[in-house]
K.L.:
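Right, I'll just put the structure down here and ask away after.
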4 protein chains.
Amino acid sequence: MSEAAMTSQAKTAAAGRRGELLATAAQVFARQGYDATTVREIADAAGILAGSLYYHFDSKESMLDEILSGFLTELWTGYDAVLAAGLGPRETLEALVGQSFREIDRHRDAVAIYQRERHLAGQPRFAYLADSMSRFEAAWQGTLERGVAAGEFRSDLDLRLAYRFVRDTVWVAASWYRPGGRHDAGTIARQYLSMLLDGINIR
Amino acid sequence: MSEAAMTSQAKTAAAGRRGELLATAAQVFARQGYDATTVREIADAAGILAGSLYYHFDSKESMLDEILSGFLTELWTGYDAVLAAGLGPRETLEALVGQSFREIDRHRDAVAIYQRERHLAGQPRFAYLADSMSRFEAAWQGTLERGVAAGEFRSDLDLRLAYRFVRDTVWVAASWYRPGGRHDAGTIARQYLSMLLDGINIR
Amino acid sequence: MSEAAMTSQAKTAAAGRRGELLATAAQVFARQGYDATTVREIADAAGILAGSLYYHFDSKESMLDEILSGFLTELWTGYDAVLAAGLGPRETLEALVGQSFREIDRHRDAVAIYQRERHLAGQPRFAYLADSMSRFEAAWQGTLERGVAAGEFRSDLDLRLAYRFVRDTVWVAASWYRPGGRHDAGTIARQYLSMLLDGINIR
Amino acid sequence: MSEAAMTSQAKTAAAGRRGELLATAAQVFARQGYDATTVREIADAAGILAGSLYYHFDSKESMLDEILSGFLTELWTGYDAVLAAGLGPRETLEALVGQSFREIDRHRDAVAIYQRERHLAGQPRFAYLADSMSRFEAAWQGTLERGVAAGEFRSDLDLRLAYRFVRDTVWVAASWYRPGGRHDAGTIARQYLSMLLDGINIR
DNA sequence: TATGAATGAGCGTTCATTCAT
DNA sequence: AATGAATGAACGCTCATTCAT
């Protein structure tokens, strides 16, 4: 093996160790909540001692930070692609919902943590959470408004309520979604979209 | 004044003080989360010292217990009345949603705590949370099933998904609902019901 | 006993407990150095548990802070009185040395800590140490200069060196001085002054 | 090159590296104090990782040991030469002071550490510090006694106090002395000696 | 020689809880 | 009812040290 290849592999392995530990931490955070999780529990779950975590991370909080910011970075990559595609309001909504369930599928723990620890947005270190929430609101509520203007969505609804309805409905799903369960993320997304758009009433 | 009367009055006063302290605790729990809340913060908010809380309550956990069980007791009184009224599926759904938003209005903090600390249901002391969740599922999902059977609700939906959709939609509202805001609980309930039943699409 | 008297006594007792604990902490800091001292050692010496110290103090550092600032406050009360008395240079020097040894006698531990932890002066919290050092230098070196100008002290010495000579000579004594030893503080002060002024040579 | 020669060269190189690392460690110890210094800080200053230091040294303590014992060995080589020279008391005192300032000049960091960590003398590993202090006291106090007996030094002083006065005066200078400053070690030594012998008074 | 990853003991600190007053 | 002072367990984190590579 060439030296370059070895170096590359070493880098991957190092990044891989961090990634493994972050995934472990995310799992425990998601199950117990950030505050109720001790670093010893994370370390136990990873099969090392508590102090050893600090070789890889600065603090418990920095693990949380990395988990959340990593998730949001990926999320917005997907969202931005959708928003830049120039779709109509209903197609945009469908794409956003679909993308959201894909993210829930890929980052279940991170999403659950994000839902539960929203209050972090007030701390300077997690200001990007607040930023994300604003952009989030702009994207979804803007799409709803465009839909109303285009005559695709009902005009008799308070859009702020509708926005929250849609937002919560989609994201809270992370709290019960289990990958490998009865339905895959795509199926759930389609059913959710259908309920969202047409309700549960017989037409 | 008789001794019995004095005792009675003392009890009432004590109950009143307890109630005040519980409301204070619920407020802090709802804002910061149970684990992130210290008894000192509760005591500070109540204007007493931390140790003094233990004259009124056995433990921090017992405060949480009392808050949650008190809320659920009231909730089920309302739900049971609805369920016993012999209404059709859609009327039952409407009544349950309405009742839920009324509870959110009256017990905002308790609902927010209940949402966030759902994981407690696994602990023996909080087994009644798991019980309540089961009864909850039975009531809502049963109503949906009756509605499908009666030809009122769509039959092409996975009812477990629909149940979660409805449940989350309603209860997560407690995380942003503020009494005295733009809309009262009744208005929000009606809008939510409308979206739930008919979707956001133009018919 | 009147209520006012009880309150007063209670306050004294509370201040007394703090004072006791600070004296204990100062003793351990002086013996082992601040960094090498654990709060458990302080607590052991005080006969309580480590955590109990935090009922009285914010942190280990705040104990150090209180010890040093308390000492310096007292020191400067004495120095300022000397400097304001309008004495001649030699009398001022005599009074400063005498006052210094009195402070060493009264605040042995604090002085020893002050000597050893001078590097703290660089930290914002302990900026008053740097201030004190500046005022110190001004007071002593100014006195030496006045003495030279008045023809009382030798003019062939580098005054900065002389200042350090005098300063160190006096204050390092805290590292070996034991109250109740062979000589009292006044005797030591007189001998030191004599050596300082006339040297150890036979005249 | 022969194997023996290579080994020898390797040893020399290793000794050189050890010396470099010890100088680095001494610098950090002197600046921050032994306890407040982490091996990581030493390693950082040396441009290697903390663990790598253990290829060269057994422990942090052994670095300190080597620094202090190396300094004391050199110091006593000089002192012994002075003491064996058969000088009179004043000449001996002058030579000891001169020698001391030369050591301060050459081993500034070691001297500063020695001053600050005097308490180590109580530990078995550093018993040689206590030995050195005893020999030190014997040498200086003996010289003072000889001077008094010879009618060269004042007889009205407590010699134990005078010894401490002289000792502290000289060695504490290491805490502020910077090589390359306004005065060289010889100049400082002469001024200190002059103050020590004749005082700061005008004669 | 040096690294990367880990250990394990101990640190300063927090916090729910107790209890005499 | 409430306080002041303490307890004791646990927490997040640091750090000297080890060791396979």
Side-chain angles (χ1 to χ4, degrees), chain A residues 6 10-11 13-14 17-18 21 34-43 46-63, chain B residues 10 13-14 17-18 21 34-43 46-63, chain C residues 6 10-11 13-14 17-18 21 34-43 46-63, chain D residues 10 13-14 17-18 21 34-43 46-63:
Chain A
M6 283 185 66
K11 267 184 197 165
R17 189 71 179 114
R18 277 180 74 88
L21 293 172
Y34 174 75
D35 288 309
T37 297
T38 70
V39 297
R40 277 164 182 85
E41 285 168 332
I42 300 172
I48 58 177
L49 290 178
S52 306
L53 285 172
Y54 290 82
Y55 179 78
H56 301 279
F57 304 99
D58 283 344
S59 63
K60 180 186 173 189
E61 196 180 69
S62 80
M63 293 184 226
Chain B
R17 189 75 177 110
R18 278 179 74 86
L21 292 172
Y34 174 74
D35 288 308
T37 297
T38 70
V39 299
R40 248 193 93 171
E41 286 168 330
I42 301 171
I48 57 177
L49 290 182
S52 307
L53 283 172
Y54 289 81
Y55 178 81
H56 301 279
F57 304 99
D58 285 343
S59 64
K60 180 186 172 188
E61 199 181 64
S62 79
M63 293 184 227
Chain C
M6 284 183 65
K11 266 185 194 165
R17 189 74 180 111
R18 277 180 75 87
L21 292 172
Y34 174 74
D35 288 308
T37 298
T38 71
V39 298
R40 278 164 180 86
E41 286 169 330
I42 300 172
I48 59 177
L49 289 178
S52 306
L53 285 173
Y54 290 81
Y55 178 77
H56 301 280
F57 304 100
D58 284 342
S59 64
K60 180 187 172 189
E61 197 180 67
S62 79
M63 294 185 225
Chain D
R17 190 76 177 109
R18 279 180 75 86
L21 293 173
Y34 173 74
D35 288 308
T37 298
T38 69
V39 300
R40 249 193 92 171
E41 285 167 331
I42 299 171
I48 58 177
L49 290 182
S52 307
L53 282 174
Y54 288 81
Y55 177 81
H56 301 280
F57 304 98
D58 285 344
S59 64
K60 181 186 173 189
E61 199 180 64
S62 79
M63 293 185 228

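Residue numbers start from 1 in every chain, and the chains themselves are labelled A, B, ... in the order their sequence lines are given, proteins ahead of strands. Given the structure is predicted, the values throughout are model-derived calculations rather than measurements.
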K.L.:
F:dA6 P sits how many Å from C:L21 CG, rounded?
P.N.:
7 Å
K.L.:
Under the ring pair (Phe, Tyr, Trp, His ring centres under 6.0 Å) test, which residues partner C:Y34, sequence neighbours left out?
P.N.:
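So C:Y34 forms a ring pair (Phe, Tyr, Trp, His ring centres under 6.0 Å) with C:F29.
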K.L.:
Let's see if you can work this out: which of F:dG12, F:dA2, E:dG12 has an atom nearest to the side-chain heavy atoms of C:K60?
P.N.:
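The answer is E:dG12.
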K.L.:
Nearest whole angstrom, please: distance from the P of F:dA6 to the CD1 of C:I42.
P.N.:
15 Å
K.L.:
For E:dA2, does OP1 or OP2 lie under 4.0 Å from any side-chain N or O of D:R17?
P.N.:
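D:R17 to E:dA2 OP1/OP2: side-chain N or O found under 4.0 Å.
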K.L.:
Both B:G51 and D:V39 contact DNA chain F. Which one's nearest nucleotide lies toward the 5' end?
P.N.:
B:G51
K.L.:
Distance check needed: F:dC13 P versus A:E61 CD, whole Å only.
P.N.:
8 Å
K.L.:
Restricting to non-hydrogen atoms, name the atom on A:F57 and the atom on A:S62 that form the minimum distance, rounded to 0.1 Å.
P.N.:
CB-OG, 3.8 Å
K.L.:
Please evaluate the base of E:dG10 for a donor-acceptor partner in the side chain of C:R40 within a cut-off of under 3.5 Å?
P.N.:
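Answer no: no donor N or O sits under 3.5 Å from an acceptor.
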K.L.:
Report yes if a side-chain nitrogen or oxygen of B:Y54 is closer than 4.0 Å to either non-bridging phosphate oxygen (OP1 or OP2) of E:dT18; otherwise report no.
P.N.:
no
K.L.:
Looking at every heavy atom in both B:A50 and B:R40, which two are closest together, and how far apart are they?
P.N.:
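Closest approach of B:A50 to B:R40, heavy atoms only: CB-CG, 3.8 Å.
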K.L.:
Could you state the CD-C1' distance from C:E41 to E:dG12, rounded to the nearest angstrom?
P.N.:
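Distance check: C:E41 CD to E:dG12 C1' gives 13 Å.
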K.L.:
Tell me which of A:A50 and C:D35 sits closer to the 5' end of DNA chain E, going by the nucleotide each one is nearest to.
P.N.:
A:A50
K.L.:
Give the dot-bracket string for DNA chain E, reading 5' to 3', where a pair is Watson-Crick or G-U wobble with both distances under 3.5 Å, ( ) marks pairs inside the strand, [ ] marks pairs crossing earlier ones, | marks a partner on another strand, and . marks unpaired.
P.N.:
.||||||||||||||||||||
K.L.:
Can you tell me if the side-chain N/O atoms of A:S52 get under 4.0 Å from OP1 or OP2 in E:dT7?
P.N.:
yes
K.L.:
Taking only the side-chain nitrogens and oxygens of A:H56, find out if one of them lies under 4.0 Å from OP1 or OP2 of E:dG4.
P.N.:
no
K.L.:
For a quick check of understanding: with a heavy-atom distance under 4.0 Å over all strands, which category does D:T38 fall into, base, sugar-phosphate or nothing?
P.N.:
sugar-phosphate
K.L.:
Taking all heavy atoms of D:E41 and all of D:A36, pick out the closest pair and write down the distance.
P.N.:
OE1-O, 3.6 Å
K.L.:
Heavy atoms under 4.0 Å, any strand shown: does C:T37 hit a base, just sugar-phosphate, or nothing?
P.N.:
sugar-phosphate
K.L.:
Can you check the B:M63 CE to E:dC15 C1' distance for me, whole Å?
P.N.:
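Whole-Å distance recorded here is 13 Å.
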K.L.:
Hey, does the side chain of A:Y55 come within less than 4.0 Å of E:dA5's phosphate (OP1/OP2), counting only N and O?
P.N.:
yes
K.L.:
To the nearest 0.5 angstrom, please state how far the CG atom of D:L53 sits from the NZ atom of D:K60.
P.N.:
11.5 Å
K.L.:
Would you indicate what A:L49 reaches in the nucleic acid, counting non-hydrogen atoms under 4.0 angstrom: base, sugar-phosphate, or nothing?
P.N.:
base
K.L.:
So if I take every side-chain heavy atom of A:I48 and compare against F:dA6, F:dA2, E:dA6, which nucleotide ends up nearest?
P.N.:
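Among the listed nucleotides, the one closest to the side chain of A:I48 is E:dA6.
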K.L.:
On a heavy-atom basis, which atom in B:H56 and which in B:R18 lie closest, and how many Å separate them?
P.N.:
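So the two residues come closest at O-NH1, 2.7 Å.
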K.L.:
Rounded to the Å, how far apart are C:L53 CG and E:dC11 P?
P.N.:
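Result: 14 Å.
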K.L.:
Say you draw a straight line from CD1 of C:I48 to OH of C:Y55; how long is it, rounded to the nearest 0.5 Å?
P.N.:
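Answer for the CD1-OH pair, C:I48 versus C:Y55, is 12.0 Å.
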